[in-house]
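The structure appears right after this line, and notes come after that.
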Number of protein chains: 2
Amino acid sequence: MLNITRKVEYALIALRHMQSKNNTDLTSAKEIATKYGIPQQLLAKTLQQMARDGIIKAVQGPAGGYKIAANLKSISLKDFFEKLEGPLGMMDCYFDSECLQITNCNIRIPIQRINDNMRSMFSKMTLQEITQ
Amino acid sequence: MLNITRKVEYALIALRHMQSKNNTDLTSAKEIATKYGIPQQLLAKTLQQMARDGIIKAVQGPAGGYKIAANLKSISLKDFFEKLEGPLGMMDCYFDSECLQITNCNIRIPIQRINDNMRSMFSKMTLQEITQ
DNA sequence: TTATATACGATAAATTTTGTCGTATATAAT
DNA sequence: ATTATATACGACAAAATTTATCGTATATAA
């Protein structure tokens with residue numbers, strides 16, 4: 001329970017890989033996919049998403065690839081997770097309230113407390129800490 | 001991402017419901033299922049599991065049901081989650097290491113740090129806090 | 001012009017989660 | 001004793017989510 005998704009996992013692996021290189025160098029999806037045994041197309045999509053989000057910069061064409069664009073210190077894990085996977089919470093009712101049991105539900109408030117704790121924890125950790 | 005499962009959700013609702021009653025009273029699966037709109041059989045199984053774990057006590061026969069058996073203050077959320085759903089971690093490699101990428105993986109250590117933070121957080125919260 | 005890279009919507013496969021079925025056992029009430 | 005109602009639990013099925021692939025388009029260095 002409480003697993004991160006492969007998408008996030010692949011994204012972290014990619015960031016860490018890029019960070020270990022000189023930041024003038026570009027890294028292709030293929031390079032990472034091969035080295036870490038990750039499905040290339042899936043990784044590519046994740047990289048594209050991070051590029052759209054401004055976390056990395058994409059360069060097209062042969063000899064193209066990606067490199068880190070943002071200051072990883074300035075991106076919290078919470079923001080990172082939410083960029084890639086949407087709202088971060090233990091129950092969906094934390095965000096949208098289409099739960100039918102909502103009038104009867106007796107754990108909304110307590111669950112919100114846990115949620116806040118968890119989000120706070122991930123707000124305090126930055127991408128830099130993960131990838132260094 | 002990072003959602004709890006329905007099983008855990010149902011278990012928490014049930015515990016909170018029982019806690020709101022006199023602890024000599026028994027509560028049937030049907031009563032809870034009806035009140036909160038939960039599939040009865042699924043809830044029943046969850047209650048049975050909690051009974052096996054000693055969190056609640058089961059009484060069979062007509063007019064039977066369940067009541068809280070353990071001191072909820074003494075059960076951490078981490079232990080509770082793990083009783084119901086098994087190991088609690090952001091990546092499975094934290095526990096079993098059949099990951100093929102394990103030799104190349106570059107985020108094991110950082111992920112373990114997050115894991116430890118998360119587990120520590122849930123270790124500090126007790127069932128009592130949720131259900132009161 | 002070719003080869004190789006990113007871009008991305010659509011679809012398929014796999015896995016996990018959620019829910020149901022069927023049957024057995026316990027026990028209070030009649 | 002019989003009946004009704006509760007828990008117990010393995011096996012199975014449905015649904016939802018996650019993970020992966022396909023097909024096609026675009027960019028650009030060689």
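Just so it is clear: chains get the letters A, B, ... in the order the sequence lines come, proteins before strands, and each one is counted from 1.
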Check every strand shown and say whether A/Ala58 touches a base, only sugar-phosphate, or nothing at a heavy-atom separation below 4.0 Å.
sugar-phosphate
Considering only heavy side-chain atoms of B/Gln41, the closest of C/dT20, D/dA6, D/dT21 is C/dT20
Take atom CG of B/Leu84 and atom P of C/dT18, then tell me their distance rounded to the nearest Å.
12 Å
Measure the distance from CG on A/Leu26 to P on C/dT4 and round it to the nearest whole Å.
17 Å
Looking at A/Arg6, does any N or O in its side chain come under 4.0 Å of the phosphate oxygens OP1/OP2 on C/dT15?
no
For B/Ser74 and B/Ala70, indicate whether the former's side chain and the latter's backbone hold a donor-acceptor pair under 3.5 Å.
no
note: A/Met50, atom CE; C/dC8, atom C1'; distance rounded to Å ~ 16 Å
To the nearest angstrom, how far is A/Gln40 atom CD from D/dC22 atom C1'?
14 Å
D/dA6, OP1 or OP2 - any side-chain N/O from B/Tyr66 closer than 4.0 Å?
no
Heavy-atom donor-acceptor pair, B/Asn22 side chain to B/Thr24 backbone, under 3.5 Å:
yes
Using whole Å, report how far CD1 of B/Ile56 lies from P of D/dA8.
8 Å
Phosphate OP1/OP2 of D/dA20: any A/Tyr10 side-chain N/O under 4.0 Å
yes
A/Gln60 CD to C/dT4 P, in whole Å, measures 16 Å
Assigned partner base of D/dA30, Watson-Crick or wobble definition, under 3.5 Å
C/dT1
Lys/Arg N to Asp/Glu carboxylate O, B/Lys124 vs B/Glu129, below 4.0 Å
no
Under 6.0 Å from the NZ atom of B/Lys21, do we count more than 12 heavy atoms belonging to anything else shown?
yes
Within this structure, what is the CG-to-P distance between B/Leu42 and D/dA11, rounded to whole angstrom?
18 Å
Checking D/dT21, C/dC8, C/dT6 against the side chain of A/Pro39 (C-beta onward), the nearest is D/dT21
Does the structure show a Watson-Crick or G-U wobble partner for C/dC21, both distances under 3.5 Å? Name it, or say none.
D/dG10
Along DNA chain C (nearest heavy atom to each residue), the more 5'-positioned of B/Pro62 and B/Lys7
B/Lys7
To the nearest Å, give me how far apart CG (A/Asp92) and C1' (C/dT17) are.
13 Å
Polar side-chain contact B/Lys45-D/dG10 base: donor and acceptor under 3.5 Å
yes
